[in-house]
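Below is one structure, written out as structure tokens; the observations come after it.
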Amino acid sequence: MTIVMLLVSFTLYSVLFFRGHIKNELITYNNANLKNTTENYEATFQLIENSVLTFSLNEKVTEFNKPEFNYASGSQLMDELQIFLANQSLFLENMIVYYEKSGVTLEKSRGADADVMFGRYYVSQDYSYDFWKAQFDAPYVTRILPNSVFSELVYADKLSSSQVLIPIVVKNNTNPSVYIIAFADAHKLFATYHQSINDNFYILDETQQLFFATGAEQKDAFPAFEGNLGYVKQGKNYYFYKKGESTGLIYVNVIPDDSIASQMKWNYTFVALFVFAVIISILASFLFSVRLNRPVKRLVHSIQQLTNDFPWQKHSGIKEFNIIQEKVQHLLDSNWDINQTLEEKNSLLRHLAYINELRNIRSNGSYLNDLIDINEPYRFVLFKLTFKPRLFEEIDVNEDRATSYIMTYINKVVSERFQESLTLQIENDQLLSVVYSEQGSQRLLETLNEIRQVLDLDREYCFLTIALSKRHDPEDDFKMSFDQTKSLLQYRKYNDKTQILSATDAKPTNYYLMPAQEEEINVNLNNGNEAQIIQFVKRELGVLKKKEASEKQVKAFISNIVDRVKRAFLFNKLDVDVLKTFQDCLQNNHTFEDLEQLFEEWLPQIADLIRGKKEKEDYITSFVFDHLEKHYAHDITLEMMADKLNLSRSYLSTYFKEKTGIYFVDYVNMFRVDRAKELLSGSDVKIQDAAAKVGYQNINSFNRMFKKFTGVTPSEFRKVERLK
């Protein structure tokens, strides 16, 4: 009751003492609140102007300022715009770069003629195409325009996607025929910076014309605002205003007079409730004291029995309550530790359950099946990581640790968007997210694009291939669905950018040389014709680059060239181990430019070795190599070759083994198997037909020799090649 009376006295004193100061406090509060809003708006507008002006100095912006606009290269500038607009602190919805010379405009997702851009995609009653065109002649560097509703013209006169935006025009005096329009999201700025319970907020220009408004429409004109900060009372409203130092805009918050006056009047309901609360408090304090005594006494007695060794002091209420608190806290801590441990173990078990399902591993732990959420539609997102050598050269981190960092980031982003999702590592360089959602793929695609934009910042160190599966129903086979998703990786285009692949990207990815091309490269390699070899490789790389070939196609071309080089080395009895460094370098190339440069460095060295060896060429083995190259599909025996060389069978066998290190029969089979591998990986030819084309009439003999030299059967080899 003493506490109750003290609180009653303090409340009455506070009400009486502070009642006279309410008006001043409310005015001070609103002035401070508007000042904070103004400073935030001004800082944001200044940041936007400076950032956009800096962006206008980007060489990619000035590069396209020509009478003929290069749409093919314009995607590079759109990528730059997307990265720039990802900065949430700018509150920008989009930016448009307007080129006067070509009359072309470019934004983050499209390019179009200016009349189309402002007549279809950014339609406004306040800003027409003629208005934007006239801005080239307007004498200013930056200009903030009043907000307007911008819409997209869908068809006829129907508009959609309406947004309230504040256009900010930025010019660069060094390039007057180009300017940039930055569209700030007016409602996002208001929601972020105007922290007030009153939404009657307006922005006026220096002539007090309306610039932006969120409150009710003003029926009367705004009063005259003198000075930079203050308030004016006119009619039934208080007008709090603050003038921006950098933009000159006037920020106004309108507060109705009755909302301030109501704070200064006695509220009889409050008085009645106050008296009632005091009476109830006094009664409750008495009843609480009586009812609390007995259970607390029993609780203390029970704990005292459990802690007989503790030195209790009789009639010490503080000591007893401290012991109760310690014991309860100990129980809570123990419970938290147990829950934390169980949560970690359940997470590990859930990962194990998904890996078992993906690998078709059947165990006795049937309880693991309950941890797999397959009672609703799901999608797979497969992330394949490719690390560049620069990562390990400049940063003290290994591949496992780098993969772990990326997995942590991806899991955080995906799990925040989709509560039931799970991200796990299934290979050294592969992560898999299982996303359960009834929603469409658009939200998931937006999430993946956000991940791509972040990871593209570290493109010098690594890049990802992201395979997005179609929507699978709960009854779909889990392993088969995963295999379908994994097969999408083969459609990745050959570059070092993070790519998002879906079923719509599935296009034929096989690559093989035409017979005439095979003959051309074989002849030039065997003769060490450096210029012709480099010309052939550059021509083929140019064709692949022009049609935006997949990574599988480019690697098939590389493998084809390497196999031809190895064959030329064997033909000229050169050590193929010399090519190991060349092959290692090829594995770390991910762009056509780097690949062409590497071939230009290595092919002359390879040609020099072959030319040097041809000066010491052995007639007998060269004849065998050349005959096999031309007639491998026909019957070739040791006796036949000996007759053609006028040698005995035994002499030719011994001589060939001594010079090449391999028996004649083994070399013939190895050569034929290499040709069969090209047929099986580069076309849909049947296995039996492939065997006949390389000289095997007996399919069993072909299968036996193929497995001897490759370690797998022809059908297994083809299956592995198609999954690459």
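Only a predicted model underlies this, so the values are computations on that prediction, with no experimental measurement involved.
- Between the T654 side chain and the S650 main chain, a donor and an acceptor come within less than 3.5 Å of each other.
- Taking the six-membered ring where the residue is Trp, H472 and F380 present tilted rings, their angle falling between 30° and 60°.
- To the nearest 0.5 Å, atoms CZ (R649) and CD (E639) are separated by 4.5 Å.
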Legend entry - Residue pair Y632, R675: steps toward the side-chain hydrogen bond (donor to acceptor under 3.5 Å, both in side chains) verdict: CA-CA 9 Å; Y632 64 88; R675 283 300 176 94; 2.9 Å; yes
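- The existence of a salt bridge linking E551 and K384 is excluded, since no basic side-chain nitrogen approaches an acidic carboxylate oxygen closer than 4.0 Å.
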Inset, instruction - May I have the step-by-step check of salt bridge (Lys or Arg N to Asp or Glu O under 4.0 Å) for E80 and K108, ending in yes or no? - result: CA-CA 8 Å; E80 296 284 345; K108 66 181 180 182; over 6 Å; no
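- Between Y491 and L488 the shortest side-chain heavy-atom distance falls below 4.5 Å.
- Shortest non-hydrogen contact noted between M705 and V673 is O-CG2, 4.0 Å.
- Note: N411 CG to I406 CD1 = 13.5 Å, rounded to the nearest 0.5 Å.
- Between the side chains of R492 and T465, at least one donor N or O lies within less than 3.5 Å of an accepting N or O.
- Salt bridge annotation for D626-K630: present, with a cationic side-chain nitrogen under 4.0 angstrom from a carboxylate oxygen.
- Using a 4.0 Å cut-off between a side-chain N of Lys or Arg and a carboxylate O of Asp or Glu, K545 and E593 qualify as a salt bridge.
- Of the possible polar contacts, one joining the N589 side chain to the C585 backbone as a donor-acceptor pair under 3.5 Å is found.
- Taking CG from L432 and OG1 from T485, the interatomic distance works out to 7.5 Å, rounded to the nearest 0.5 Å.
- Ring geometry, F463 versus H590: the interplanar angle exceeds 60°, so the pair is classed perpendicular (tilted spans 30 to 60°).
- Ring geometry, H627 versus F623: the interplanar angle falls under 30°, so the pair is classed parallel (tilted spans 30 to 60°).
- A donor-acceptor contact shorter than 3.5 Å links the side chain of Q499 to the backbone of K493.
- Of the possible donor and acceptor atoms, none in the side chain of S701 sits under 3.5 Å from a partner among the backbone N and O of Q697.
- A salt bridge does not link K693 to D689: none of the charged nitrogens lies less than 4.0 Å from a carboxylate oxygen.
- Rounding to the nearest 0.5 Å places CD1 of I426 at 6.5 Å from NZ of K486.
- Considering CG of L448 and CD of Q453, their distance stands at 11.5 Å, rounded to 0.5 Å.
- Residue K547 holds its NZ atom at 8.5 Å from OG of S550, rounded to the nearest 0.5 Å.
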Inset, instruction - Would you sort out whether F625 and Y667 count as a ring pair (Phe, Tyr, Trp, His ring centres under 6.0 Å), showing the intermediate values? - result: CA-CA 10 Å; F625 293 151; Y667 181 79; 5.1 Å; yes
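- Every residue two or more places apart in sequence or in another chain was checked for a ring pair (Phe, Tyr, Trp, His ring centres under 6.0 Å) with Y663, and none qualifies.
- Salt bridge K388/D496: present, at least one basic N to carboxylate O contact under 4.0 Å.
- Under the 3.5 Å distance criterion, the side-chain polar atoms of N65 are left unmatched by any main-chain donor or acceptor of V61.
- Formation of a donor-acceptor pair under 3.5 Å by the T498 side chain with backbone atoms of L464 is found in this model.
- Side chain of S559 to main chain of K555: no donor-acceptor pair is present (N/O by atom type, distance under 3.5 Å, no hydrogens or angles).
- T591 and D594 share a donor-acceptor pair across their side chains, judged by distance under 3.5 Å alone.
- Taking the centre and axis of the six-membered ring of F418, the NZ or CZ atom of R443 falls inside the cone set by 45° and 6.0 Å.
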Inset, instruction - May I have the step-by-step check of salt bridge (Lys or Arg N to Asp or Glu O under 4.0 Å) for E596 and R539, ending in yes or no? - result: CA-CA 10 Å; E596 184 174 323; R539 184 174 68 244; over 6 Å; no
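- Taking the ring axis of Y696 as reference, the NZ or CZ atom of R672 stays within 45° of it and closer than 6.0 Å to the ring centre.
- Looking at D666 and K708, a side-chain N of the basic residue comes within less than 4.0 Å of a carboxylate O on the acidic one, giving a salt bridge.
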